[in-house]
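First up is the structure itself, then whatever we jot down about it.
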Amino acid sequence: MFQKVGKRVISSFSAVPYTLGYIGRIFKSSFSFIKKMKAARKIIVMQLLFTFIEALSIIVVLSAALGSALYIIGYSFLLSVGQTSLIYNLITVIVMQELGPVLVAFVVTARSATAIATELAGMVTSHQIESLVSYGIDPINYLVVPRFIGVTLSVFFLNLYFAFCGMLGPAFIAQFVSPVAASGYVSNLLQTVSVMTIVISVIKSLVFGMIISITATYYGFNVERASTEIPIAGIQAVTKSFLGIILADVVIVILSLML
């Protein structure tokens, strides 16, 4: 038993140099991507279409429902303790800074991480990657970097969209709960939005997008020859992305509290 655990730990650490090199290669190639690989830019457009545009309907429903639920439940509770003015801080912190970026990242992971991992895994098992290499095309530049940029930008824009819909959605609910509060809802809400809240939200969205894209492409390439490994790559991409998002969120929250 101890031998099996030891072998698993050793094999995990042996993959660290390769993983770090893979991540470094992606960042390095991303900086020079704008000046070359015009053909791969179409992949970015398609990735934005699938990850960003097609997810807007899901995000608007999720964000509006979350913001409205927070307003209804939070306003009722705060009214009982005479602190109804804190409802704006509650919505701002939860929707924009904390829960919003995580939910957006989870939606993108569920939709795009599996698709990217299985697509790349299928290309590996069908020898398409070898064909690209034989023609002198770098798979990192042509396949990984466009998806890395596309997913990261998609999570960033979806997070902004989520915050907008989630914070303004309760304005309609406020008309029924308290018309007096509804009249000044937007102005009071904007007063609670601080620069730090916006910065943390943006940082989370960018970091989460990087985690999703890097994890999905990594496990997509990390298959051998069997086609049965393709669904396994998709499952690993999703589970490891979820884990990475949660850990990154904890780290960012701790660092923000220390500042």
Side-chain angles (χ1 to χ4, degrees), residues 15-35 37 40-41 43-55 59 96-121 138-163 197-222 233-256:
V16 172
Y18 170 77
T19 304
L20 294 177
Y22 179 76
I23 296 173
R25 180 71 182 281
I26 292 176
F27 280 102
K28 181 180 178 181
S29 300
S30 298
F31 287 114
S32 59
F33 180 80
I34 301 178
K35 299 180 181 180
M37 300 297 292
R41 294 176 189 173
I43 303 178
I44 294 182
V45 176
M46 297 302 297
Q47 192 67 58
L48 287 170
L49 176 64
F50 174 73
T51 308
F52 173 54
I53 301 300
E54 295 185 4
I59 294 300
M96 177 177 286
Q97 179 176 323
E98 299 300 333
L99 195 56
V102 175
L103 290 178
V104 169
F106 281 176
V107 170
V108 173
T109 299
R111 296 185 72 256
S112 298
T114 306
I116 293 173
T118 53
E119 179 187 11
L120 295 179
D138 189 348
I140 300 295
N141 291 331
Y142 186 71
L143 298 175
V144 177
V145 173
R147 288 166 174 81
F148 172 75
I149 297 176
V151 171
T152 303
L153 291 177
S154 296
V155 176
F156 172 74
F157 289 125
L158 285 174
N159 183 52
L160 296 179
Y161 187 70
F162 187 99
T197 300
I198 298 175
V199 170
I200 294 174
S201 179
V202 170
I203 291 176
K204 283 186 176 183
S205 64
L206 294 176
V207 172
F208 294 164
M210 293 177 187
I211 291 174
I212 296 169
S213 55
I214 291 174
T215 305
T217 55
Y218 176 84
Y219 284 100
F221 281 137
N222 197 29
I235 295 173
Q236 288 181 327
V238 172
T239 54
K240 296 301 172 61
S241 293
F242 282 154
L243 179 61
I245 291 167
I246 295 173
L247 293 177
D249 183 64
V250 172
V251 172
I252 294 173
V253 170
I254 294 175
L255 292 177
S256 64

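Every heavy atom of this structure was used, including side-chain atoms; hydrogens, water molecules and symmetry mates were not.
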Can you run down the side chain to side chain donor-acceptor pair (under 3.5 Å) pairs that involve residues 101-117, sequence neighbours left out, and say none if there aren't any?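 The answer is Thr51-Ser112.
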Under the 3.5 angstrom rule, does the side chain of [X] hit a backbone N or O of [Y] as a donor-acceptor pair?
X	Y	answer
Ser29	Ile26	no
Thr215	Ile212	no
Ser205	Val202	yes
Lys204	Gln97	yes
Ser256	Val253	yes
Asn159	Ser201	yes

Can you list every salt bridge (Lys or Arg N to Asp or Glu O under 4.0 Å) pair that touches residues 140-153, not counting sequence neighbours?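 Every salt bridge (Lys or Arg N to Asp or Glu O under 4.0 Å) pair that includes a residue of residues 140-153, provided the two are not neighbours, is Glu119-Arg147.
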When rounded to the nearest 0.5 angstrom, what is the spacing between [atom1] in [X] and [atom2] in [Y]?
X	Y	atom1	atom2	result
Ile214	Tyr22	CD1	OH	8.0 Å
Leu120	Tyr219	CG	OH	14.5 Å
Ile211	Ile245	CD1	CD1	6.5 Å

If you look at every heavy atom in [X] and [Y], which pair is closest and at what distance?
X	Y	value
Phe162	Gly100	CE2-CA, 3.4 Å
Phe208	Ala248	CE2-CB, 3.9 Å
Gly150	Leu48	O-CD2, 3.5 Å
Ser213	Thr152	OG-OG1, 4.0 Å

For Phe157, check ring pair (Phe, Tyr, Trp, His ring centres under 6.0 Å) against everything at least two apart and list the hits.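 Partners of Phe157 under the ring pair (Phe, Tyr, Trp, His ring centres under 6.0 Å) test: Phe52.
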